[in-house]
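For reference, the structure discussed in these notes is given below.
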Amino acid sequence: MSKKIHVQTNINGLDVDLLCESRQSLLEVLRDVLNMTGTKEGCNDGNCGACSVIVDGRLIDSCLMLGVEAEGKEITTIEGVAYTHGLHPIQQSFLENAALQCGICTPGFIVAAKALLENEPEADEGRVRHWLAGNLCRCTGYDKIVRAVLDAGKTMATQSKSES
Amino acid sequence: MARVFIPTMLQPLTEGVKEVEFQAANVRQVIQGLEERFPGIGQWLTEDGRIKPNLAVAIDGETTSMGLLAKVAPDAEVHFIPAISGGGK
Amino acid sequence: MVSTAENKTQYKVVGTRPIRHDGLEKVTGQARYSADINLPGMLHGKVLRSPHAHAIIKSIDISRALALPGVESVITSADLPQPSGRVADLGEGAMMNPKFLSNNVLASDKVLYKGHAVAAVAAADQHVAEEALGRIDVEYEVLPPVLNAVDAMKEGAPILHERLYTAENPFVRPGGLRDDSDPEGGSNVASHFVFELGDLEKGFAEADVVVERGFRTKAVHQGYIEPHSATAMWNRDGHVTIWCSSQGQFAMRDQSALILDISMSQIKVIPLEIGGGFGGKTLVYLEPVAALLSKMTGRPVKVSMSRQEVFEGTGPTSGSFMKVKMGATKDGRITATTATLIYEAGAFPGSPINPGVQCMFGPYDIANGRVEGYDVVINTQKTAAYRAPGAPAAAYAAESVIDELAEKLNIDPIDFRVRNAAKEGTRRLTGPVFPRIGYLETLEAAKNHPHWSAPLEGPNRGRGIATGFWFNGSGPSSATASVNQDGTVSLVEGSPDIGGTRAAVAMQMAEVLGLPAEDVHPSVGDTDSIGFTSTTGGSSVAFKTGWASYEAAQDIKRQMIERAAYIWDVSAEDVDLTDGVFHHKSDPELRFTFKELAGLLLETGGPIVGSAAVNPGGVGGAFAIHIADVEVDPETGKTEVLRYTALQDVGKAVHPSYVEGQIQGGAVQGIGWALNEEYFFDDEGCMTNSSFLDYRMPTSLDLPMIDTVMVEVPNPGHPFGVRGVGEVPIVPPMAAIANAIKAATGVRMTNLPMSPGEVLKALWDSEESKNSD
Amino acid sequence: MMAEKGPKAKALAGGTDILVQLRGRRFFIDRLVDVKGVPEMNELSCSAEEGLTLGAAVPCYRIYEDDTIQSLYSGLVDAAFLIGGIQIQGRASVGGNLCNASPSGDTIPILIALGASCVIEGPKGSRTLPVEDFCTGPGQNVLQDGELLVALKFPPPAANSGAHYLRFIPRNEMDIAVAGAGASVVLEDDKETIKSARISLAAVGPTPIFAEEASELLAGRAASEGSFEAAAEAAKAAARPISDMRGTAKQRIHLSGVLTKRALREAVARAQG
């Protein structure tokens, strides 16, 4: 077993110190080191998006980033999407639109949708479908997921207007 | 009278007879009745005193889960068909 | 859209769209799936897999692996008892040959496909375990592989199983082995059977038009996003706990017990959330391996598959070769049909040939027919069930030929189907007659749908339809529910939930008790905490476990009525439950809300628990018709799906959103199967596209919205009219798209997938044959 | 750091290829050096006068989110926007895609079409060479042990120029090119005559191909279907594909023609403004 490396990072707003091996991916670090199992492994080669997280504002597959690269970064995972006292509009919209069946791809889709809608709440169907093409779902045929993301975008657009 | 259908691949044993009618109150009696008419056919239908694994009995189109005990109503149709094991959504 | 044919009953909960009970955990990442288990002291297992498609294992040397620091145990099939080759009944037609099952989990003397498990390692972490795999020295004697059924059936083909005999009987059995004393050699044909009805010769003589076609489909994978994972802890007292995600915790228990040769009661299987199954999580792969590694090490062991292992080591559904001949009269009446279906079982017998044959002509009333089926073993992954197993390929062949007949006769394809539609009383080709079914209503709904009449303009575009049938299943099922003092009910049921069935099952209980859906809290029990429940499969759960839940609710209702009567000192016969209120039939003063009475239970005789265990008959079959618009790029052969509508007889939709979801998901899996999905093998039998990059499942960008129409023809065999809904939507898409491609290009595609390269080739061939005319 | 370990050292930029290859045990290394912290490798400077300098570790999203690049090098934006999905574009770099030297690498043909050159630093100093000379075979490139691709340099866009890259894939995203074609054209001031053109192909040979004959025959010809057709035929002649699970050789040659035409149509349309 190889030597462990000390990494300081920030996950979901909390500063985190951790030890990991240089060969461990960020996904492994989240799941096996930190026991944050909400981020899922579907393929481990960047082709399904189940492990999507946001790093410094950018949507990525955590299986394609090393844990040691998290040093100094700000990371958002599915565990950090909900508010302290309630669900994020995207989560609520997934529930109301029945946009999940087995639920294994759901964390990845919600994180991906958050990365889109926080910048572009008015994204249209074409934009949403393109953005989500890196996230595979085998249960739903995407129809209800796309609707849920479009609906959540509307809610978020209204919210940001009423806030400003 | 129960109306009992002979599966295609057992029809060589019945010299081409495709269905027969006789009195039977349950599946056990159906098989006994078949065996009386077509000696040897029973071994294709039962094994170790029960309906063969992977074989289903349909009474009036409805697959029964009661095996040899299943009741056969007067004038019921009885079919022997391959059981369908669970597929899965 | 819901189109109600004869829905007279109004329900309060059934037919509404509450938020599913397990939803919150799934949108926040808290839901625990199989790979999310981490136990103190846990080891990680990895499986060594065969690099060859067909080889004799001459020796396995594990010493170098064991010497690696961090490695705790290495196992091979020598550590498993070798069961007999006699077929065992694991309940409800779930037939297993224990020897085949065991040898698929760990190969014994031969490896039969690339990816076949050979040995397993438990180590401190998965990187060490992976490293150890490279230190297991296996000596193989490589044999020539046989990679498709036609080759496997040839004289002199390499034989996979020296003792396998061809079961020439009507009752397909997944492989029987000859006695060792039997001198006959083996066969790759595991079974062969025939169904016949009427008089074929007469039927074809009456036909004005006859169409005959051959079809080929490839193996496709269920493609669930969650890879298999199992964690086991073998306790010192010989009891084992297994945490895994499967479609049946009892199936996992019973299969593991068979392979480990221990009593089923020594195993407790705890079902975790399941990240998709579609039939593919009905067989054990890792569970006995994790258990044995735990036994060897005395520590909990988790074994997880990579995506490549999922593709190479678990069952896709069969590839097939099919021939169909069908005749019809000028006025559009089908007079006769024949079909031969050869399904590839993979390394061990048991393709879904049987349901394929039985569903093939399900939608039609055909007086004269003959269907023949073959189950053939080849050197590829052992196939597993996949959504309506066997039916989609068969429907692709049948519905393509029907489309061609309608076209030749110049009859509208929906009208042609209406003229030949199966209805209540129609005798199926396989013998039995149909009860009340909703095929005609579904065809009518399609005919009246705006999609069918919408103009489709532009070059290279075409519209196609196809229909499909699936029996639907039932089976033993159990439910237990306890009334809480706050007026809610905790429901434990036995069916792992792969698509929202917890909600559908809880809603049926809520309906009986007059409670809102949210007040019934469903969970899926482990094998020690709920009665036997058959696997989640065959679109059976909303039906059978819904029924168990309905009966358990009736049990609660009866007991609570008795309790109210006791409190009021009246006869129970005079008390009823209406809209969630217990009341005296003639004295309006005597009433308890459900919540009020629930609060009184402990002091008036104790808690109330309702339970039911059922094995219901009364299953109603499902019919679907899909309409697809496509555009084919004539320069690249690529097919774009422009518009898609799926209509289906759903019986009674308990939770319409999740019924729509099933229809949409099934349709899209079918679209993937139609256009791009396939197992691609090199000449040595190695799968070359075992990743989500090259095994091309549809992405969100490849699809339009999938419109659904739920036609509700209640199933008279169920208290709420429920029919299974999950499987039939994968049956029509391949033919619907093939028929649309034909309309767009004039070319009929008879092989799946209809990938751009294949379509392009067909376009070139058709161009060439035109030029040579 | 790289030089110390010789062939057992690799550079890590976005990691979207190399981590998968390491996991698949395609090769074994002792050292993986994260080069994203190297300033020159993260440089992104673009102007109409100076052209574009693209640090080898710059991820794709920085290319397509840059307004200047969008207006000056829209062909490069095409390629950066279609690699993988959004998640991949958040990490993957054009430099990494080039070093990976896959015949089907989606950004390489447009680099060739745009006349980009590679800036390479190594223990023996720096050197520069045209992109079309960089790849030497599937997964093979000219880099010697210890050498590193630092940046790509693009000449300033000529007046009346336009470029486009497109590929053919069975799905609409998340796929490997069955074939791809890049084209850049410079038109005369009449905007109807081609002054010069560069055409390149992906996935139809052991390396991405610079289709010289197809490029040269366009010079001086009308920017019309007839010319595109002629170039497509020449591109087909330049293609030397294999048959594999992603496509047959015949299909790929055919697609080389189809895609060359389509790339030229769009490149000309862009040049005409």
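In what follows, chains carry the letters A, B, and so on, assigned in the order in which the sequence lines appear, proteins first and then strands, with residues in each chain numbered from 1.
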(Q) Pair C:Asp125, A:Asp32 - check side-chain contact (heavy atoms from CB on, under 4.5 Å), show working. (A) CA-CA 10 Å; C:Asp125 68 43; A:Asp32 299 343; over 6 Å; no
(Q) Quick one, C:Lys26 with A:Gln101, criterion side-chain contact (heavy atoms from CB on, under 4.5 Å). Give me CA distance, side-chain angles, the key distance, then yes/no. (A) CA-CA 9 Å; C:Lys26 286 179 174 162; A:Gln101 285 178 32; over 6 Å; no
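By a heavy-atom distance cut of under 4.5 Å, A:Ile78, A:Glu79, A:Leu87 are the residues of residues 78-90 of chain A near chain C, going up by number. Residues of residues 111-123 of chain A lying under 4.5 angstrom from chain C, judged on non-hydrogen atoms, do not exist here.
Counting heavy-atom pairs under 4.5 Å between each of C:Gln126, C:Gln308, C:Gln664 and chain A puts C:Gln664 at the top. Across C:Ser691, C:Gly223, C:Gly29, C:Ser700, the residue that shares the most heavy-atom pairs under 4.5 angstrom with chain A is C:Ser700. Counting heavy-atom pairs closer than 4.5 Å to chain A, the top residue among C:Val310, C:Ile225, C:Asp497, C:Asn38 is C:Ile225. When C:Thr501, C:Leu701, C:Asp36, C:Thr699 are compared by the number of non-hydrogen pairs under 4.5 Å with chain A, C:Asp36 comes out ahead. Counting heavy-atom pairs closer than 4.5 Å to chain C, the top residue among A:Ala50, A:Cys48, A:Ala133, A:Ala99 is A:Ala133. Interface summary for chain A: among C:Ile274, C:Leu693, C:Ile706, C:Asp702, the most heavy-atom pairs under 4.5 angstrom belong to C:Leu693. In terms of non-hydrogen atom pairs under 4.5 Å with chain A, the most contact-rich of C:Gly666, C:Pro698, C:Gly672 is C:Pro698. Contact count against chain C (heavy-atom pairs under 4.5 Å) is highest for A:Arg147 among A:Gln24, A:Glu41, A:Arg147.
For a residue to count as touching a neighbouring chain, one of its non-hydrogen atoms must lie under 4.5 Å from one of that chain's; by this rule C:Ala31 touches chain A with the backbone only. The contact between C:Leu24 and chain A is made by backbone and side chain atoms together, counting heavy-atom distances below 4.5 Å. Residue A:Asp45 touches chain C through its side chain alone, counting heavy-atom pairs closer than 4.5 Å. If you measure heavy-atom distances from A:Ile110 to chain C, the contacts under 4.5 Å come from the side chain alone. Neither the backbone nor the side chain of C:Glu273 comes within contact range of chain A; no heavy atoms are under 4.5 Å apart. Proximity to chain A is limited to the backbone of C:Pro704, based on heavy atoms less than 4.5 angstrom apart.
Distance check: A:Asn97 CG to C:Glu660 CD gives 10.5 Å after rounding to the nearest 0.5 Å. A distance of 7.5 Å separates CG in C:Asp707 from CG in A:Asp143, rounded to the nearest 0.5 Å. Atoms CG and OG, on A:Asn44 and C:Ser304 in that order, are 11.0 Å from each other to the nearest 0.5 Å. The line from SG of A:Cys63 to CZ of C:Arg307 is 12.0 Å long, rounded to the nearest 0.5 Å.
A donor-acceptor pair under 3.5 Å is absent between the side-chain atoms of A:Arg138 and the main chain of C:Gly275, judged by distance alone. At least one donor-acceptor pair closer than 3.5 Å links the side chain of A:Gln91 to the backbone N or O of C:Val27. A donor-acceptor pair under 3.5 Å is formed between the side chain of A:Arg31 and the backbone N or O of C:Ala35. For the pair A:Tyr142 (side chain) and C:Val668 (backbone), a donor-acceptor distance under 3.5 Å is absent. At least one donor-acceptor pair closer than 3.5 Å links the side chain of C:Arg20 to the backbone N or O of A:Leu100.
In C:Arg32, the CZ atom is not crowded: 12 or fewer heavy atoms of neighbouring residues, nucleotides or ligands sit closer than 6.0 Å. Taking a 6.0 Å sphere around CD of A:Glu74, one finds it holds 12 or fewer heavy atoms contributed by other residues, nucleotides or ligands.
Closest heavy-atom contact between A:Gly42 and C:Pro227: O-CG, 3.8 Å. Heavy atoms only, all atoms of each residue included: A:Cys139 and C:Phe278 are closest at SG-CZ, 3.6 Å. In this structure, C:Phe692 and A:Cys43 approach most closely via the heavy-atom pair CD1-CB, 3.8 Å.
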